Participant: 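Handing you this structure, nothing more for now.
Since we're looking at a predicted model, the values are computed, not measured.
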Amino acid sequence: MTAMIEAPASPASATSPTSATSPTSATSAASPGSAASPGSATLAGRLLADDETALAECQAEFGPALRRYLRRLVPADLVDDVVQAVLVELWRCRHRLDPEQPLRGWIFTIARRRAVDQLRARPPASLPLTQALVQALAQPGPDPAERVARAQDVRRALATLPDAQREALVLAYFGDLTQTEIAAAVGAPLGTVKARTARGLRRLGALLEA
């Protein structure tokens, strides 16, 4: 799928999604969104002026870095879907842009949130089980067949966890988010996220030892 989209034909009818990012939160995004390019202010101004060509220029300017960033967060087959979702949201929420704030920060904050949405929606069994998670939870031996069997065991065990615990582990190990970032993404206190993660790990360990 190509991530290039056509901007909606009637800008006045576009509405802002409830999960839209605010300019204030964009400035506190992760480091990939902290630097502004010389043309960012101009692009932001053109988006505010409903210039549809500015959206294509945003894709050209930020697209490569955005894809590299998203490859750290979601499986490769979801990258283009997330990029398209980011561009759609950027256009729909363009009137909330602050031209004084870095456009890149806004875009990367949207990208992180849409990546989290994709990870939440994806069934655990279809997520790629990272070697780090296998080593941390299953402690497989050197035999490749044993590693595969252990990976399957972890997937099955993960699918049996309560939703909140599974979400915390998926975002941590598959999304590579810190516990502070998970708390912000799911709207829960940091202590709650830490407790969910600890309980989920204990439960996984018990299931794998059974």
Participant: Hey, could you give me the CZ/CG distance between Phe62 and Leu90, rounded to the nearest 0.5 Å?
Facilitator: 9.0 Å
Participant: Can you measure from OG1 (Thr178) to CG (Leu171) and round to the nearest 0.5 angstrom?
Facilitator: 10.5 Å
Participant: About how many Å separate CD of Gln165 and CG of Leu204, when rounded to the nearest 0.5 Å?
Facilitator: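 Interatomic distance, Leu204 CG to Gln165 CD, rounded to 0.5 Å: 8.5 Å.
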Participant: For the atom pair CG (Leu78) and CG (Asp117), what is the distance rounded to the nearest 0.5 Å?
Facilitator: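 Separation between the atoms: 12.0 Å.
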Participant: Judged by modelled atom types alone, do Arg46 and Thr53 share a side-chain donor-acceptor pair under 3.5 Å?
Facilitator: yes
Participant: Donor-acceptor pair, distance only, cut-off 3.5 Å: does the side chain of Arg166 make one with the backbone of Leu161?
Facilitator: yes
Participant: If every non-hydrogen atom of Val186 is compared with every non-hydrogen atom of Arg196, which pair is closest and at what distance?
Facilitator: CG2-NH1, 4.4 Å
Participant: Any idea which heavy atoms bring Ala168 and Thr197 closest together, and the distance?
Facilitator: CB-OG1, 3.7 Å
Participant: What are the two closest non-hydrogen atoms of Pro99 and Ala44, and how far apart are they?
Facilitator: CA-CB, 4.2 Å
Participant: Verify, without hydrogens or angle tests, whether Thr109 (side chain) and Gly105 (backbone) share a donor-acceptor contact under 3.5 angstrom.
Facilitator: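 Judged by distance alone, yes, a pair lies under 3.5 Å.
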Participant: State whether Arg67 and Asp80 are salt-bridged, where the test is any N-O pair (Lys NZ or Arg NE/NH1/NH2 against Asp/Glu carboxylate O) under 4.0 Å.
Facilitator: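 Salt bridge between Arg67 and Asp80, a charged N being under 4.0 Å from a carboxylate O: yes.
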Participant: Any side-chain heavy-atom pair from Leu47 and Cys58 closer than 4.5 angstrom?
Facilitator: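 When only atoms from C-beta onward are counted, Cys58 and Leu47 do touch, with a gap below 4.5 Å.
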Participant: Hey, does the side chain of Arg94 reach the backbone of Trp91 with a donor-acceptor pair shorter than 3.5 angstrom?
Facilitator: yes
Participant: Step by step, would you call His95 with Asp50 a side chain to side chain contact (heavy atoms under 4.5 Å, CB included)?
Facilitator: CA-CA 9 Å; His95 294 133; Asp50 300 332; 2.8 Å; yes
Participant: Could you tell me which non-hydrogen atom of Ala115 sits nearest to which non-hydrogen atom of Leu70, and how far apart they are?
Facilitator: CB-CD2, 4.1 Å
Participant: Would you call Arg113 and Glu89 a side-chain contact if the rule is heavy atoms closer than 4.5 Å?
Facilitator: no
Participant: Less than 4.0 angstrom from a charged side-chain N to a carboxylate O is my criterion; do Arg104 and Glu61 meet it?
Facilitator: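 Looking at Glu61 together with Arg104, the answer is no, because their closest N to O distance does not fall below 4.0 Å.
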Participant: Provide the closest heavy-atom pair for Ala111 versus Leu66 in the form atom of the first, atom of the second, distance.
Facilitator: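 So the minimum-distance heavy-atom pair works out to CB-CD1, 3.5 Å.
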Participant: Roughly how far, to the nearest 0.5 Å, is the CG atom of Leu207 from the CZ atom of Arg202?
Facilitator: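 Answer rounded to 0.5 Å: 13.0 Å.
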Participant: So, taking the atom named CG in Leu158 and the one named CZ in Arg203, what distance separates them when rounded to the nearest 0.5 Å?
Facilitator: 12.5 Å
